[in-house]
Structure formats: structure tokens, C-alpha cells
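Here's the structure, in C-alpha cells; my notes come after.
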Amino acid sequence: MTDSISARETIAHLRKEIERHNSLYYIEAKPELSDYDFDKLLEKLISLERQFPDLVTPDSPSQRVGGTITRVFPSVQHRQPMLSLSNTYSLGDLEEFYSRVAKLLVLEGVHEQDMVAELKFDGVAISLLYRNGLLVRGATRGDGLQGDDITANIKTIPTIPLRLPDFGSLFPQSEESEIEVRGEVFMRKEDFEQLNDSRPEEDRFANPRNATAGSLKLQDSAEVSRRNMSFVAYYLKGYDGEDTSQFMRLRQLEKLGFFTGAHYRLCHELQDISKFIKDWDEKRWKLPYETDGVVLKLNDVRLWEKLGATAKSPRWAIAYKYAAQQAKTVLHDVVFQVGRLGTITPVAELEPVLLAGSTVSRSTLHNFDEIERLGIMLHDRVIIEKSGEVIPKVISVVLHERPPDTEAIRVPSRCPECGTPLAKPESEVSYYCPNEEECPAQIRGRILHFASRDAMDIKTLGKALVDQFVELKMVKDVGDLYLLQEAQLERLERMGRKSAQNLLSALEESRKKSYERLLYALGIRHVGRATARELACAYPSLSELRQASKEELSTVPDIGPVVARSISDFFSKSSAQEFIEKLETAGLPLRVTEQKEQVNRNFEGLTVLFTGGLDRYDRSQASELVLERGGRVVGSVSKKTGLVVAGHDPGSKLDKALKLGVRVVSEDEFEAML
Ligand code: IVH
């Protein structure tokens, strides 16, 4: 909450400043800021708006520069208004809701009050329209009456069926008409973390919900697809068919191939509801996605219309939200981390404390503005909180318990890693270490980024190894990795002959990766995967890219002045020439090649059978992955089947496979094999 309030203020302030400087520059021809400082302001606005996509307005100066997405999606009218729910944090309110419904039902002559309790997913609500079993439209809620048509983006989400094979049997009367499915697009914790890891430090999303909202608004559906979003369905309406209960509708949704979360429960009395809420308050932390509460719905949907709705929310449902989990602990120390781009992040070292199912001993303090805002001092008693977010944060100081020995948290004047005096641009909240070339933390960060999954994907190059390389000065930049010799490697800690050879062959493999990946792997500020792709299209070789001027770069789709400047700065560094030569000698892909990116042949000669639903792929994607890797996909089990991948609700093929002793793996294991 506070975060977004302070973001709102900062954004408003930045917009005003930017407009003022714009007018000083363009209208009065009396600029007060250098281009560089102006870009910094803009850069900050863009990055904040990315974190809080809800705060983006069409008149923001960011929308002029092509730095963010400007496309407007067509508006569509909802068949029925998409209402929201009334929320409560109190079990007392819930009881009140329950008896209110009971009273209303008595008036209708109904004495049974079954409720369905569902988990509340923290994402973005959307509506899907299927005509004759085919997905024809996906739209956001918008203002409830009209939303944005984001069908192209919706279609990239693997858990949203494009066609409902069992449609005809479930909705025989609806052959020619429509059904509507509503639910929540969300991001699994793992996918969220992977997305953030793949992004430049300064462009990371605050939580999975923001990441989802931002991703659904992208104009590049291919990029949306790479964001790995998921969908949970909680509402089904056949416009002709017979209406059933909410419980049955959820079952029908599952039969149609939708993910429902499967954790819903039919509750006959209030006690069942409280028990569900209490159980999930603990269990929810183990789920692979975030839930922020429980939704209660009257089971009998025929009564929904009878009970009706207020202006915003229906009378037959309510959302119970879990209070953010908090704990009190002691701030022992604040350490300063140096990111790959030199940004200094203060990190709180806390007395370990149990919070929402895990032990917390560290928490980011973001920047020094945040420290000041909290008024926090060393040794203070602090409250930490984990709400929806994966990462806990310090939210306040317990002032009346302040011990006498507190000390101020001092802004370090020098980089904790290399001792270089820190710098802080006027317009930014963060300090940074300007020793880009020599600072070991920045070198480590760049190498780890280079090796990361979405970059060159060098799995055997982990943190412990990179630490050693940098400490022993064996590697100063990513080009040096390719000069490493087996004999040198063998002498390292915890490195035998085998691991040395593994690393060398992984490096060898990485040479076959695409030019596009390499561009991303270089770690140029603001160049994420999508930008790297655009750049690779516009400049099919690194030497062409290097020669491009800022102005030329700004004409590439999605590249605004801030990104253009950052690219041009990267290549105009004095060390750039030598660095690029090193990459060339290393045999890295410095230009686009016709060849498709080489994948491994892990499945060579293996016959694979899929049974049950997969969460992350549809069948054809999964089959494609096997085929690419040299395997074969079959439809029935025999003794010759090499592998069975069992998803959720597997069929009789699984039983047969087990009987025949065929190797069976889960979706996770399958993914690991890939
Ligand atoms: S039902 C008219 N069920 O939470 C009823 N909503 O705070 C419409 N949500 O607007 C919603 N999980 O975006 C429903 N199992 C669930 C849900 C759910 C998450 C979202 C939805 C809703 C918001 C209300």
C-alpha cells in the first residue's frame, strides 16, 4: 500500500519535472539539465511505471518516447458485468455475511445454505469467450462493463485451452452458441522469479501480480508467451445450457481442461468454512503460487440472481483476505550489496525469525530513502511483513522498544567491495559504485548474468565457481571464460578433473547459442530479452550494432532514448574494442546465423508417452520438445516405451506403464530432463 502511495507521489513529481524540462528545452530553448540527466529522470519514471503498471496514464511523458508500450487494445463489452468482490479481513464479518445470506434465503423459502470455499488467486481477472468450443475472445475486466480485448496475449497462456474438445458433450444445446469462462491470470512463484532474474536489475517487478498485469499489456505476444503465465478458472456460464451449482461448474471446468486449483471445498456450515480458512492459512505457503485469501460463494447458482448485487459486488459471495503475516525481530546489521550494474542495495541482517512458514534472516531495505522513511537504526526492534509477496520486507520500527545502544545507519562513502568512492546522481535514489571495470562484485554479477538461464545458459557455472575465478583474478570479463584451461581449473577448490571437463564442454556448447542471446547476455543496462531480440533483427551483427548512432537506435521498435543511450554508452567505452575482439576470438555468436539454435539430444532414441494434463505445456509443445531432442512420442504404452510423463489426473495408461515397469516421471522431472 504505502509503496504504491509513495510511488504515486514520486511518479507525479517526475512527470511534472520532465514536462518542465521538456518545455525549457523545446519551447524556451533554455535547458537546465544535460541530456544525460534528463534521460536519467525519464529512465526513473519508466522503471517506476514498470513496477506499478496501474499508475501508467496515457498522458505520461513516458508514453511519448516509445520507452514503454503505447498501443491501446480495442475495447469490448462484457456479456454480463464483471463484478468484483467485497473483501474482509475479519472472521466476524464473515459470520455476518453468512447470516445475512441465510436471512435473504429464508425470504426465498430456501433453508439450505451450502457454500463453496475457493482459494483466492492473486492475479488479474479476465473473461474468456468460447464459441462452439473455440476460444474467440479474451478480455480484461476494465471498468467491469467494458474491458480490453487481449485475445492474442491470452492465447499464449498454455493453461488456457484454445479449443474445448468435450464442449459438445457438456453443452449439447450450445453447439452454436457461447460459453464464458472467467478466472485469474497469475504467475507461479518460480516463473516470477525466473522472469525477474532475467531482467535488468532496475526493471524488476515488485511481485507476481504486477508482473502479470504488466505482461498482459505487452504488444509483443511472443514476449508474453515467454513470461510463462498461468490461468485458474473459477466461473463458468453457458448461455443456453442448464445451470448447475458452483461446485459442479468447477468440475465441468476441469472436464473442459481448465486448471481450477483443485483445492475448493463444499461447506455445509460455518464451521467448515472457518476450518478451510484456518487450514489454508498455513498450507498456502507451500503452494507454487500466491494466494491472498479465500473466496466464499453460495453453491446454488440459481440463487445468485435472486440475491443480486450491490453496485460493485454480488451479495452471494465474499472474499476473506489473510492478514499480511508479521513478526518482530532485531536489526543486527545492515550490509551493502553491489549489483552487476554497480547499484548499492542496503540489506538488513536480522535475528532469524519464523515468518509465514520459513525462517527469515535477511530482508532488502531497497535504498537509503527507504531507510530514512522508516527512521530505522541499528539494533532497533523492527516489524517485518510478508503479504502476497515472496520476499519479506521491513515495514516499521517499534519505537517504544528502542534500546539505548542504537546507532545510525551510515551511507557508506566507499564501495564495500572495492573501496571506490560511491556516486549518486541527483535524480536517483540509489548510490552506485562507478568502478565498473574493476569492482569484483560487478564483475561477478556480469559473469553470473552471462551464464544465467535466459542468457548463455551455462549451468555448470555457479556462484561458488565465479567467486573463485574473480578472487583469483582468473577471469575479468566473460571473454576470459573461454581462455580457461583444464589444468588451471583442476587446481581449484572442489573441482576435479570431471567437473573441469564439464565446465569446458558447457562453455563449448554456449558458443552455439544465438546472437540474440549473446546480446542479452552482455548485460547492457535496460537491454532485456525483448530488446535484445529487436536489436538482433535491426542489426544482424555486433559490428553493425556498435556503429549505430543513438538517433538510429531510437528508430528501432520499442527502443526509446534512454535505452538507445545506454547501448551507445556501452559500445563507446574505451575498453569496448578489446572486449569485442576477445568475444570474437572466443568464437561467440556475434552475428545472426541461419541455423536454428542447437538444443541438446537428451532424448535420442527414447519413446515417450504423455498421460494426464501438464501445467506448463500443452501436448503439442511437450511433444515438440521431445522431438527436437531426438526422441519419439507415442500414444500407447508398451514394453518398448522408454518413458511415461504423468501429469495431473493421469488415465489408465499410467496403471499399465506401472505394471509393465516402464519408467514414470512427473512434469517437474520431465522438465529437468529437458
Ligand atoms: S469470483 C463476482 N473467485 O479476486 C465474482 N474471484 O477481490 C467474481 N479472485 O475480482 C470473482 N480468486 O479478480 C473469484 N476463486 C476466485 C478468485 C477470485 C481470485 C479475484 C478476482 C476478483 C477479486 C476480488
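Throughout, numbering of the chain's residues begins at 1 and tracks the sequence. Bear in mind the structure is a predicted one, so any value in this text is a computation, not a measurement.
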For Pro416 and Ile344 the tightest heavy-atom approach is CD-CD1, 4.3 Å
Quick one: does any side-chain atom of [X] pair with a main-chain N or O of [Y] as donor and acceptor, under 3.5 Å?
| X | Y | value |
| --- | --- | --- |
| Ser666 | Glu669 | yes |
| Tyr515 | Ser541 | yes |
| Arg381 | Glu401 | no |

Please determine if [X] and [Y] form a salt bridge, counting it only when a charged side-chain N lies under 4.0 Å from a carboxylate O.
| X | Y | value |
| --- | --- | --- |
| Glu437 | Lys476 | no |
| Lys189 | Asp191 | no |
| Lys573 | Glu578 | no |
| Arg402 | Asp380 | yes |

Q) Mind checking whether Glu534 and Glu223 have side chains closer than 4.5 Å, heavy atoms only? A)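 Heavy-atom side-chain distance check fails, nothing below 4.5 Å.
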Next on the checklist: Less than 4.5 Å apart, side chain to side chain, heavy atoms only: is that true for Leu535 and Ile567?
Outcome noted: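 The answer is yes; the side chains approach within 4.5 Å.
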Quick note, salt bridge (charged side-chain N to carboxylate O under 4.0 Å, His left out) partners involving residues 404-417, not counting sequence neighbours, are Glu417-Arg444
May I ask you to check whether Phe670 and Phe610 place their ring centers less than 6.0 Å from one another? yes
Start with the C-alpha distance between Tyr322 and Thr291, add both sets of side-chain angles, then the distance that settles side-chain hydrogen bond (donor to acceptor under 3.5 Å, both in side chains), and finish with yes or no. CA-CA 9 Å; Tyr322 289 116; Thr291 53; over 6 Å; no
Practice item. Classify the ring geometry between Phe186 and Phe121 as parallel (under 30°), tilted (30 to 60°) or perpendicular (over 60°). Key: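 It falls in the tilted class, 30° to 60°.
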Who pairs with Glu351 by salt bridge (Lys or Arg N to Asp or Glu O under 4.0 Å), at least two apart in sequence or on another chain?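 By the salt bridge (Lys or Arg N to Asp or Glu O under 4.0 Å) rule, Glu351 matches no residue at all.
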Sequence neighbours excluded, the answer for side chain to side chain donor-acceptor pair (under 3.5 Å) partners of Asp477 is Lys582
